[in-house]
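Reviewing the structure listed below.
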Number of protein chains: 2
Amino acid sequence: MAEQDSDRSVSQTVRAQLRLRDLILSGDLRPGERISELQAVEATGASRTPVRMALVRLEEEGLLEAIPSGGFTVKGFSERDVLDSIELRGALEGLAARFAAERGVSSRDLEPLKGCLDEIDSLVQRDRISIEAFSSYVTLNARFHVLLTELSRSPSLIRQIDRASALPFASPSGFVMTQSELPQAHETLLIAQDQHRVVVDAIENREGARAEAIMREHARLASRNLRLVLKNKTHFDLLPGLALIRTAGD
Amino acid sequence: MAEQDSDRSVSQTVRAQLRLRDLILSGDLRPGERISELQAVEATGASRTPVRMALVRLEEEGLLEAIPSGGFTVKGFSERDVLDSIELRGALEGLAARFAAERGVSSRDLEPLKGCLDEIDSLVQRDRISIEAFSSYVTLNARFHVLLTELSRSPSLIRQIDRASALPFASPSGFVMTQSELPQAHETLLIAQDQHRVVVDAIENREGARAEAIMREHARLASRNLRLVLKNKTHFDLLPGLALIRTAGD
DNA sequence: TCCCGATATTATGTATACAATAATTCCATA
DNA sequence: TATGGAATTATTGTATACATAATATCGGGA
């Protein structure tokens, strides 16, 4: 009762899932903390049934952990977990690139990808990038990765990549940056964009192994970058705020 | 009410999930077929709430597909899907092997793996294998793969491999064989076992790239074998009975 | 003071009633 | 006969009551 705001067209389940995910990612719910249904009901405004569904889905998503005796806790992630997830995504996207190359793609299929890259180019000036442009880059980069994944035309693989990218720090998103980190991001971004071009070229020329290798290297660039960013922080602020520490240059 | 059989210690949700999975994998529910809650309630004996939970979990597992307007259908898989899933698992297990090699494992960690391989060896005679021994092999092989995966000590990766193996045809299980296919299986099995040994050796010597390459090749052996088996069948009996057509030699 | 056990409380698992939406059927009309 | 629409039917989404199991609290005894 008492529907407050939000879109009424989506189900309570989805709304609850979205809201709870926000709560977790924003750090309002801390890792290890038990999340009771009643609490979730109060936070979301939905009743227990949709809340339970949302909790199950969030568990499958990897944000929650089931307690054997019942209920869920918020999952915590170590730096190693984050780095592994990036490497994992690299392996998966590498496979996607190889599939695309081996199975062949028409030049028509490649158009959107190239368009995406051209847009990125137009965003980046030779020696610097504005913070607004950087946020556009994050969007375009995500699109590029999605398009590339779909080129594999392998539903099972696409599905798996989606799931691996569900964890925000594992997704190819770029991080929220402070002004001071911008130069470093600019440099990384140039390398990343170069790799983007090479992958497309490899796929075009049906060089599967090369396409795969580059995508893996691409992920390593991301983890290298994350490590650099982390080194500058006094400590790794694990999960509260982890949503803000995404990986860049990828 | 009216609990008929089964274990009462597990929840209705889990029971329903198990039962429905059986129904799908055995082919009683055909691909594309819509599965209504009421129908599922009748089939499982549980009420709608646990049934709904089970359906959500089966969707996440990849056996069901959500209909936008609500409800679920049984997912169908093409031969390509199956082959891709095997290749995917190969990539994932390859990564696990590399992690294990790079991060180093104590000889104590390797013991159970080696024990597993020794048991397999004792099962296989030089020139043939009995059908009973083959079924033991399937179990031991699955254990080997689980142990290897765990050696990566990477929770995110282990989780992902579990999910990729949830689909029975993608899991390293070995197929139910007819007597006539046994000689071929024997041959494949010898190669597979050799690869098992090589992976362990590579991990022991911290040769990450080699360990990874072998595990990938290992998966290719599986898909090669599946293709061979499929060639002998008049048609690929997609999902009804797919549970029976698992891949061997891996 | 500490530990153990019984009781009370809270949380989750399950069942079911109700509401809203999607699907189907059937009839009327072109 | 085909088609469109309205009414009916079925199915899912949601809320909530009840049962059961886990957890916390409190009191008594060593």
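All values reported here derive from a predicted model rather than from experimental measurement.
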Could you tell me how far apart [X] ([atom1]) and [N] ([atom2]) are, to the nearest whole angstrom?
X	N	atom1	atom2	value
B:Q12	D:dA21	CD	P	12 Å
B:E37	D:dT14	CD	P	11 Å
A:Q39	C:dT12	CD	C1'	14 Å
B:I67	D:dA10	CD1	P	18 Å
B:R48	D:dA17	CZ	P	18 Å
B:L38	C:dA23	CG	C1'	15 Å
B:M53	C:dT12	CE	P	11 Å
A:R15	D:dT14	CZ	P	8 Å

Task: Donor-acceptor contact below 3.5 Å, side chain A:Q160 vs main chain B:Q160 - done: yes
- [ ] Hey, can you tell me if A:H196 and A:F144 have their rings parallel, tilted or perpendicular (30° and 60° cut-offs)?
- [x]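 A:H196 vs A:F144 ring planes: tilted.
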Task: From C:dA11, D:dT11, D:dA15, nucleotide with atom closest to A:S47 side chain - done: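 Nearest nucleotide to the side chain: D:dA15.
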TODO: Indicate the atoms forming the closest heavy-atom contact of A:L29 with A:I35, along with that distance.
DONE: CD1-CD1, 3.7 Å
TODO: Return no unless some side-chain N or O of B:T13 is found under 4.0 Å from OP1 or OP2 of C:dT14.
DONE: yes
- [ ] Answer with base, sugar-phosphate or nothing: what part of the nucleic acid does A:T49 contact at a heavy-atom distance below 4.0 Å?
- [x] base
Open item on the list: Rounded at 0.5 Å granularity, tell me how far OG in B:S152 sits from CG in B:L157.
Closed with: 4.5 Å
